[in-house]
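Written below as C-alpha cells is the structure these notes are about.
Numbers here are sequence positions counted from 1. Atoms within each ligand, like the ligands themselves, are counted from 1 in listed order. Just so it is clear, the values below take in all heavy atoms, side chains as well, and ignore hydrogens, waters and symmetry mates.
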Amino acid sequence: MPKLHEHWASRLGFIMATSGSAVGLGSLWRFPYIAGENGGGAFVLLYVLFTFCIGLPVFIGELIIGRKTQKSAILAYSELTNQSRTWRSLGWLNLSISLITLSYYSVVSGWCLSYALMSLTQFSAGKSSEEIKQIFFLLRSSPGINVLWSSIFLLINVGVIVGGIQKGIEYWSKILMPCLWFILMSLFFYSLSLPGFPGACHFIFSPDFSQLSSDGILSALGMAFFTLSVSLGVIITYGSYMQQEDNIPVNAFIITILTTLVSLIAALVIFPAVFTFGLPPQGGPGLIFQTLPIVFAKLPGTIFISTIFFLLLLFAALTSTISLLEMLVANLIELYEFSRKRAIAICITLAWIVGLPSMLSGSGVMFAEWEKIYSKNFFDTVSFLTANWLMPISAFCLTFLIGWRANRNVIIEEFNQGVGYSFVSSMWFFIIRWISPFVLFIILLQELGILRFKK
Ligand code: PHE
C-alpha cells in the first residue's frame, strides 16, 4: 500500500521552497560569470526571453504532472503514458541528471562554506590582489579541503530533508529565503553607491548581438532551464506536494519572476564591484570567488560584507540542493518503498561517490589526464554536459510528452484546477505543443552543427 503523500502546509511555504530550489548558485554564481563571458546584454536579454517563453511553460507542465499524478518523475511519466517503458526511461534520465547536478553543485557549495569561514578569519587582510586570487587556486587544488567541505555540505542537506516536507524543506525554506532576499537587497543598495554601477548597467542591459556566439545562445537556454530548476523532474516532485486548490500558472509565474529578478540583481551586485576596480568581467567560474574578495578587501567593513555575501551563496545553494536530493529520495521511496531515512542514506552516498571526481578535479588526484583529453576538467565537463546538453534534451522530451503523448484533457483539466480562466490554458498548451519543442529542436540542431544561423 503506498503511503499518503505529504503536502506543503501553505501556499507561502510552497512558493518559498520552490523559489528556493530555483534561486541558487545558478542565479548568483553561474549567471553572472556566463553573462560576463558572453558579452553581457545580448545574453541577458536572451536569457530572460527563454526563461519566460520556454522555461515557464515547461515549469507549469512539471507542476501539472506532479500534482496530477501525485508522484515523482519515473512513476509519473509511466502513469501518463499507460506504463510506457520508454517514457519511464526519461524519468531515469532525469534522475541521473539530478544526481550529477547535485554532485558537482555541492563542490561549489563547499567553496562557499569555505569562503564564509575564510571571510571570518579575514583571509584577504594585508594580501595583494594576486595573492587573494591564488587562494582560490589553492583551495581548488587541495583534495582534502574540497572533500571536507563538500561532504559537510552534503551532510547539512541530510539534516534538512530528514525532517520531511513540512518540518524539513518548508520550515527551512521559510527561514532561509527571507534571509537571502534581505542580504541580496542590502548588497544591491550598497552596490548602487559604487562608481562602477552605471558601467555595469550598460554592460548588462545594452544588448550587442555581435558579442553572442552560437554557444552563447545554447548557454542562455541552458541557463534559463538551470535557474528555473526545470527539466530534471525536481519541479514534478515539488508539484506533487501541492494542494489541489492552488493556482498553478499564477504560482509558477510568481516563482519565475522572483528567480529572474534574483539573477539580474546578482549581476547588479557583482558587476558594479568588478567595474569599479577595472577588473575583467570574463572571470569564469572563479569570478565571485577570486574577483569579489579583491573588491571586498578594498571596501570598509570587509569582514562583514564578505561573510554576509558568502552566507548568501550558501543559503541559496542549500535550498536548491535539498530539492535535488528530495527528487532523488522521493523517486526511490515510490519505486522501492524504502523508508525515508534509507532512501536519503542511499542517495547521499551516491551523490558523494559521483561527486568525488569533481571534488578532486582541481588537484589531479583522480583522472589526472582528463583535462588534456576532454579539454575541460572533470567538474567543468559534467557541469557543461548537464546544463547545456542533457537539460535541453530532457526538456525537449518533456514538452513532447505533455504536448503530444499525454491525454490533452487530463493535462488541461489539471491546469484549470484552481484557475478561473480557461483561455490561458489553451494558450499555454499551444506553446508547449508547438513553440517550446520547436525552439528547443532548432537550438539543438544548431548546436550539433546541422543548422547554422550564427557562428
Ligand atoms: N535552480 C538551481 C540554481 O539556479 C539549480 C538547480 C537545477 C536546482 C535543477 C534544482 C534542479 O542554482
Parallel under 30°, tilted from 30 to 60°, perpendicular over 60°: which one fits the rings of Y241 and W8? perpendicular

Using 30° and 60° as the class boundaries, would you call the ring planes of F400 and W404 parallel, tilted or perpendicular? parallel

With rounding to the nearest 0.5 Å, note down the distance linking NE2 in H7 to CD in Q244. 6.5 Å

Interatomic spacing from CG in L93 to CH2 in W87 - rounded to 0.5 Å: 11.0 Å

Under-4.0 Å salt bridge between R67 and E62: no

side-chain hydrogen bond (donor to acceptor under 3.5 Å, both in side chains) between T227 and S27, worked out: CA-CA 6 Å; T227 49; S27 297; 5.1 Å; no

Proximity winner for atom 1 (N) of ligand 1, if only heavy atoms of F31, Y238, W29, F226 are counted: F226

Out of G233, A22, S320, G20, who gets a non-hydrogen atom closest to atom 4 (O) of ligand 1? A22

For ligand 1, find out whether one of its N or O atoms is nearer than 3.5 Å to an N or O atom of L324. no

Compute the shortest N/O to N/O distance between T101 and ligand 1 and return yes if it is under 3.5 Å, no if not. no

Sub-4.0 Å heavy-atom contact, L232 with ligand 1: yes

Under 4.0 angstrom from ligand 1, any heavy atom of Y105? yes

Atom indices of ligand 1 within 4.0 angstrom of [X] heavy atoms, with elements:
{"X": "S27", "answer": "4 (O)"}
{"X": "G26", "answer": "3 (C), 4 (O), 12 (O)"}
{"X": "S323", "answer": "10 (C)"}
{"X": "L25", "answer": "12 (O)"}
{"X": "V234", "answer": "11 (C)"}

Quick one: nearest non-hydrogen protein atom to atom 2 (C) of ligand 1, plus distance? S21 O, 3.2 Å

S229 contact mode with ligand 1 (heavy-atom cut-off under 4.0 Å): both

Could you go through the side-chain hydrogen bond (donor to acceptor under 3.5 Å, both in side chains) check for S219 and N38 one step at a time? CA-CA 9 Å; S219 296; N38 285 287; 4.6 Å; no

Check the pair W352, M359 against side-chain contact (heavy atoms from CB on, under 4.5 Å), reporting the backbone distance first and the verdict last. CA-CA 9 Å; W352 191 85; M359 297 175 206; 3.8 Å; yes

Out of the candidates I348, I344, L324, only one should pair with V329 under the side-chain contact (heavy atoms from CB on, under 4.5 Å) rule; please name it. I344

